[in-house]
There are 2 protein chains.
Amino acid sequence: MQKGEQTRASILHRAVSMASVRGFEGISIGRLASEAGMSKSGIFGHFGSKEALQLAILEFVVEDFKLNVIGPALREPTGETRLRALFANWLDWTGTELLAGGCPLVAASVELDDQPGDLRDSLVEQQESWLDCIRRMAQKAVAEGVFRDGLDTRQFAFEFHGIGLAFNFARRLLQDPKARTRADQAVDRLIQSAKA
Amino acid sequence: MQKGEQTRASILHRAVSMASVRGFEGISIGRLASEAGMSKSGIFGHFGSKEALQLAILEFVVEDFKLNVIGPALREPTGETRLRALFANWLDWTGTELLAGGCPLVAASVELDDQPGDLRDSLVEQQESWLDCIRRMAQKAVAEGVFRDGLDTRQFAFEFHGIGLAFNFARRLLQDPKARTRADQAVDRLIQSAKA
DNA sequence: ACAATATACGAACGTTCGTTCTATTAGTCA
DNA sequence: TGACTAATAGAACGAACGTTCGTATATTGT
């Protein structure tokens, strides 16, 4: 059977956009149904519960993130170049038309921080692996002698991620046209100080 | 009349905690009523609408922020000391028992970035003035010769704020015990690079 | 083409939501 | 103390929520 998976995917696509704008708690099966021109039960049947739908959304987003952010970066030369590509891909990705309301992972990070459950657990796991991905790339730069010996790469990842959060904030809430420039400048400074 | 304002304040206190945990959209008059041991209409009467309640919550939080974060910092000597106090106060404040679910302003920043209305407008205004507060303190340090001449103080504020966001993320989502150390270290680096 | 099954609908469920009324109680001021 | 008003309760509203169920319609594999 494939018709089902097809509509399931198109529902998910819509759901991701909705979650991006209204948050994970803000998606509703009823609204999703009317947007998709389907009945509530039609939507519901594809997932079995709202929580399962939310998990599917998260999984979908993470997959898209790996595909469009991490994957392309891994095809760049290691070290500084790869890290800069990772950062640029991340910021570009949050501007994708799929993510009409900005990075859902950033939004979920503050939305779910006090909501225990599978959804939160899954997000934590993903975000930890994201920080670890940054850390490993920085570690590689250390191994290659591009970054200084003894660099605290976890600290690097912490700050790297923080710049992305600041970008998201400036771009989406303040609608600051200089948000991207600011973020790039901050990363420049971070990388610079990782060298000396 | 003062009995009214008294209960209104105690309702708001509870509402702030609720918003801190569940977000601004997550507060409900019904739940607030049962927590406070009052009727829904009893709560409702104090505000007139849910949006007015949300605005009152935001106002309450901002007032508390000014009182406990900005105020004490202004009593410190200008320049680097004041900036460090501002940062420490900010991070400490987010650990207050009132703010059980972390900084509501950070949460609101990502929750409201796509929800046009008075609430968003009010938040944007507050956050812009927050960034401006940081900027002015940095500017003062420049004027005093502590920070280098020609420092981009808006950039400084962008990164300063970003470190706070990263702290919130590491602390609340990842429950990283080193979150505070990481944040302090990042600020050290920021201030250091503002000097040379 | 036929049987099997996946897919979707429509109606109804019990809750909860914000909001609006009408009373009744409690507090304040003369 | 008495008159007035503010404060709260309680019931009801229409709408939206997630979920369940029985039924009809497509789609599939043979």
Side-chain angles (χ1 to χ4, degrees), chain A residues 1-19 21-60 108 111-112 114-120 122, chain B residues 1-19 21-60 108 111-112 114-120 122:
Chain A
M1 304 297 154
Q2 60 203 82
K3 169 81 190 320
E5 303 195 2
Q6 204 170 327
T7 61
R8 191 190 130 107
S10 93
I11 291 171
L12 267 180
H13 198 277
R14 244 178 264 262
V16 168
S17 287
M18 186 178 284
V21 173
R22 319 179 61 105
F24 272 81
E25 214 52 53
I27 56 154
S28 91
I29 295 178
R31 196 158 17 225
L32 212 44
S34 74
E35 264 194 26
M38 289 180 63
S39 66
K40 284 206 292 175
S41 50
I43 302 277
F44 187 89
H46 279 280
F47 304 95
S49 73
K50 185 178 182 182
E51 196 189 357
L53 166 61
Q54 290 172 318
L55 278 165
I57 293 174
L58 183 57
E59 196 180 342
F60 189 99
E111 189 181 348
L112 299 177
D114 289 301
Q115 317 293 335
D118 289 349
L119 193 54
R120 191 203 129 101
S122 180
Chain B
M1 304 292 156
Q2 59 202 89
K3 169 82 192 319
E5 302 195 3
Q6 203 170 327
T7 62
R8 192 191 130 108
S10 94
I11 292 170
L12 268 181
H13 197 278
R14 245 178 265 263
V16 167
S17 287
M18 186 178 283
V21 173
R22 318 178 63 105
F24 272 80
E25 213 52 53
I27 57 155
S28 89
I29 294 178
R31 193 156 22 225
L32 212 45
S34 74
E35 264 195 25
M38 288 179 63
S39 67
K40 284 208 292 174
S41 49
I43 302 277
F44 187 89
H46 279 280
F47 304 95
S49 75
K50 185 178 181 182
E51 198 190 355
L53 167 61
Q54 290 172 320
L55 279 165
I57 293 174
L58 182 57
E59 196 180 342
F60 189 98
E111 189 181 348
L112 299 178
D114 288 302
Q115 317 294 335
D118 288 350
L119 194 54
R120 192 203 128 100
S122 179

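Spacing between atom CD of B:Gln6 and atom P of D:dT8 amounts to 10 Å, rounded to whole angstrom units. In this structure, B:Glu51 atom CD and C:dC17 atom P are separated by 19 Å, rounded to whole Å. Rounded to an integer number of Å, the gap from B:Lys50 NZ to C:dT19 P is 8 Å. The CD1-C1' distance, from B:Ile29 to D:dT8, rounds to 15 Å in whole Å. When rounded to the nearest whole Å, the span between CZ of B:Phe44 and P of D:dC13 equals 18 Å. The separation between B:Arg31 atom CZ and C:dG18 atom C1' is 13 Å, rounded to whole Å. Between A:Glu5 atom CD and D:dT28 atom C1' there is a gap of 13 Å when expressed in whole angstrom units. The nearest whole Å value for the distance from the CZ atom in A:Phe47 to the P atom in D:dG18 is 13 Å.
Here A:His46 reaches the OP1 or OP2 of C:dA8: one of its side-chain N or O atoms lies under 4.0 Å away. The phosphate of C:dA8 (OP1 or OP2) has a side-chain N or O of A:Thr7 nearer than 4.0 angstrom.
Here B:Ser41 lies in heavy-atom contact (under 4.0 Å) with a base. Using a 4.0 Å heavy-atom criterion, one finds that B:Ile11 contacts no nucleic acid atom at all. Within the 4.0 angstrom heavy-atom criterion, only backbone atoms of the sugar-phosphate kind lie near B:Ile27; the bases stay farther away. Here A:Gly30 lies in heavy-atom contact (under 4.0 Å) with sugar-phosphate atoms only.
Between the CG atom in B:Leu53 and the NE2 atom in B:His46 there is a gap of 11.5 Å [rounded to 0.5 Å].
When side chains are defined from C-beta on, B:Ile57 does not count as touching B:Phe47, because their heavy atoms never get closer than 4.5 Å. With contacts defined as side-chain heavy-atom distances shorter than 4.5 Å, the pair A:Arg31/A:Arg14 does not qualify. Between A:Lys50 and A:Ile27 there is a side-chain heavy-atom pair separated by less than 4.5 Å.
B:Lys40 contributes a side-chain N or O that forms a donor-acceptor pair with the base of C:dG18 under 3.5 Å.
Checking D:dC17, C:dC9, D:dA9 against the side-chain heavy atoms of A:Ser28 singles out D:dC17 as nearest.
Around the CD atom of B:Glu35, the shell of radius 6.0 Å holds more than 12 heavy atoms that belong to other residues, nucleotides or ligands.
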